[in-house]
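Reviewing the structure listed below.
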There are 2 protein chains.
Amino acid sequence: MRPTAESKSETIARVLEDEIRSGAVREGDTLESENDLVVRFAVSRSTIRKGLQILATKGLITTKVGIGSFVTFGGTVIDSKSGWSVALSDSEARLQTRILRIARVAMEITCPYLPLGCDVLAVDRIRFHEATGRGLTLERSRMPWRADFADVLTAGLLDGSLSKTLEARDIRSHSGEEWARVLPALPAVEAELMGRTPGEPMLRLTRLTRTAAGAIVEYVESDLDPVLFGLHMAF
Amino acid sequence: MRPTAESKSETIARVLEDEIRSGAVREGDTLESENDLVVRFAVSRSTIRKGLQILATKGLITTKVGIGSFVTFGGTVIDSKSGWSVALSDSEARLQTRILRIARVAMEITCPYLPLGCDVLAVDRIRFHEATGRGLTLERSRMPWRADFADVLTAGLLDGSLSKTLEARDIRSHSGEEWARVLPALPAVEAELMGRTPGEPMLRLTRLTRTAAGAIVEYVESDLDPVLFGLHMAF
DNA sequence: TTTTCATACCTGTATGAACCTGTATGCTAA
DNA sequence: TTAGCATACAGGTTCATACAGGTATGAAAA
């Protein structure tokens, strides 16, 4: 499988693919011209063309003579940290985030790593459809309590981002695990929160991240709308 | 100096290994070219190559023709398991495999990579519960047709394994993608095949693997019993 | 206003040189 | 016999360069 050893053309293809999948370059957009890419990657044009060839083979772009290369991949990927990417199948859907609570609580979710009752920072968030107000994701993060979390309770997340908040405190995830399964029926409580009908199946994603020393950084349970969300991974 | 009875190639391997393990040369870095190493160690190229061979056998480097040798030590890359591992939550369950068909057909599954109607080898399999006979997974593999697939139609899979069958023909997966999503309702046809009730939600796993050149090796759609199967990944 | 055309920019293609690994062969010395 | 050396050639990767032909645009001409 893919070693870190890759040719320059493969590197270029991988970088561009990431940009396309992450939505930085959207479907229908024209890619930079080959000559621009030559400057950007500081390689020869033949190498750029080889990289584009790889993307074309994968069906991510099509190129037209005299015009340029177009992105022909429609999906969007949100949350493409390490591990799985959560892919939003409908790139039209505009999402907004609502924070349900940021609080210091006793751990109330059963999880094999953080014992019930232990002191945690809880961040519960919902992402919902801008137009309909329907909740599409429900995300519950639990982080072992630290003294420097105190001002998060009053000031909120840094730039609205949990990862930035952690990073500002020098908490860096080094490794982790992820599980995905089908939640057969959405419980009534969650359904109420999300504005959905109870009993629907959902895609449940669970993630545990650790520091290099092995200490737990974050435990997250996400319930995702099964119609709009899927998981994606390249290897 | 202690007489270690060490050949020149072993010395070279040891010195380079020290440099890698000490971090002087980091993962992903390219090693000096063989000709540079010839100058540095003042030995012939065959000796250098023997030394590199030792490192490659140890998994410390990988070499690519036309490019060079790369350090691949570091732990993160070694994970040769491609993609997700499918975890069976109930380890008690004994599974048996039934092959539904091995046939040369025109592509009939809609997939963004293999156009409808193209010539493929189709292998459909069901894994089912030994005791109850209930189908737990339904797996549909599609591989672009090759002339040397002909005897698969008569002789079946090598050792009952598709990967072995491909490997025997020198078809090796180099990279790929995987998707997972919730299939809201199991279609009646599949339910019939699997001996399940239609309309249940299932976990649908899709995987596409490619050769180093980007050609498609295999496209697989798997429907998994959502109660028994989950996905797991460590990163 | 419409047509034509020069121009700039784009992709497609081809070439040779330089450098890389893979492989084979014959020779020398311990 | 084996490790090592020297050499040669095949084939992949990258670079630098050149030229052919498609596309878009704005200026000039009809």
Side-chain angles (χ1 to χ4, degrees), chain A residues 2-17 19-20 25 28-73, chain B residues 1 3-17 19-20 25 28-73 170 172 174-175 210-215:
Chain A
R2 188 181 65 205
T4 40
E6 57 185 9
S7 64
K8 290 191 182 183
S9 43
E10 287 169 338
T11 306
I12 288 159
R14 184 173 47 77
V15 170
L16 291 178
E17 179 169 353
E19 292 182 5
I20 293 171
V25 195
D29 285 0
T30 81
L31 235 51
E32 296 148 277
S33 79
E34 296 178 358
N35 282 319
D36 288 346
L37 292 172
V38 163
V39 175
R40 173 172 160 201
F41 288 102
V43 297
S44 74
R45 191 165 152 238
S46 8
T47 306
I48 292 291
R49 284 181 61 78
K50 241 183 180 176
L52 294 180
Q53 189 73 37
I54 295 174
L55 294 182
T57 307
K58 290 190 175 184
L60 289 167
I61 62 169
T62 63
T63 80
K64 287 193 168 180
V65 51
I67 307 181
S69 296
F70 298 84
V71 178
T72 49
F73 171 78
Chain B
M1 213 189 266
T4 42
E6 195 182 46
S7 69
K8 289 193 183 182
S9 47
E10 286 168 338
T11 306
I12 289 160
R14 184 173 47 77
V15 170
L16 290 178
E17 179 168 353
E19 293 182 3
I20 292 171
V25 194
D29 285 358
T30 85
L31 237 50
E32 296 148 278
S33 79
E34 296 178 359
N35 282 320
D36 287 348
L37 292 171
V38 163
V39 175
R40 172 172 159 199
F41 288 101
V43 296
S44 74
R45 193 167 150 235
S46 15
T47 307
I48 293 291
R49 284 182 60 77
K50 265 191 183 170
L52 293 180
Q53 190 72 38
I54 295 173
L55 295 182
T57 306
K58 289 189 178 181
L60 288 167
I61 62 170
T62 64
T63 80
K64 282 194 145 188
V65 48
I67 307 179
S69 294
F70 297 84
V71 179
T72 51
F73 170 76
D170 242 27
R172 263 169 257 283
H174 169 265
S175 63
R210 298 177 184 277
T211 65

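Quick caveat, the model's predicted, so the values are computed rather than measured. Naming convention: chains lettered A, B, ... in sequence-line order (proteins, then strands); numbering from 1 in each chain.
In this structure, the salt bridge (charged side-chain N to carboxylate O under 4.0 Å, His left out) partners of R45(B), at least two apart in sequence or on a different chain, are E34(B). Residues passing the salt bridge (charged side-chain N to carboxylate O under 4.0 Å, His left out) test with K58(B) are E17(B), sequence neighbours excluded.
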Could you go through nucleotides 18-22 of chain D and list every protein N or O atom that sits under 3.5 Å from one of its N or O atoms, giving the distance for each pair?
| from | atom 1 | to | atom 2 | distance (Å) |
| --- | --- | --- | --- | --- |
| dG22(D) | N2 | G66(A) | O | 3.4 |

Please write out each protein N/O paired with an N/O of nucleotides 1-4 of chain D under 3.5 Å, distance rounded to 0.1 Å.
| from | atom 1 | to | atom 2 | distance (Å) |
| --- | --- | --- | --- | --- |
| dG4(D) | OP1 | K8(B) | N | 2.5 |
| dG4(D) | OP2 | S9(B) | OG | 3.4 |

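Only at 4.0 angstrom or more do the heavy atoms of residues 33-42 of chain B sit from any atom of DNA chain D, so none qualifies.
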Exercise for the section: Go through the steps to decide whether T47(A) and F41(A) satisfy the test side chain to side chain contact (heavy atoms under 4.5 Å, CB included), and finish with yes or no. Expected result: CA-CA 10 Å; T47(A) 306; F41(A) 288 102; over 6 Å; no
Exercise for the section: Begin with the C-alpha distance, continue with both residues' side-chain angles, and end with the deciding distance and a verdict on side chain to side chain contact (heavy atoms under 4.5 Å, CB included) for L60(B) and L16(B). Expected result: CA-CA 10 Å; L60(B) 288 167; L16(B) 290 178; over 6 Å; no
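For DNA chain C, the contact window with chain B, defined by any atom under 4.0 Å from a protein heavy atom, covers dC20(C) to dT23(C) in 5' to 3' order.
With hydrogens and angles disregarded, a donor-acceptor distance shorter than 3.5 Å links the side chain of T72(A) to the backbone of G59(A).
Here K50(B) contributes atom NZ and I12(B) contributes atom CD1; the two are 11.0 Å apart, rounded to the nearest 0.5 Å. To the nearest 0.5 angstrom, E19(A) atom CD is 11.5 Å from D29(A) atom CG. In this structure, OG1 on T62(B) lies 11.5 Å from CG on L52(B), to the nearest 0.5 angstrom. Taken from CG in D36(B) to CD1 in I48(B), the straight-line distance is 10.0 Å, to the nearest 0.5 Å. One distance of note links CD1 of I61(B) with CD1 of I54(B); it measures 10.0 Å at 0.5 Å rounding. For the atom pair CG (L55(A)) and CZ (R14(A)), the distance works out to 11.5 Å, reported to the nearest 0.5 Å.
Across T63(A) and S69(A), no two heavy atoms sit closer than the pair CG2-OG, 2.8 Å.
One atom, CZ of R49(B), and another, C1' of dC5(D), lie 15 Å apart when rounded to the nearest Å.
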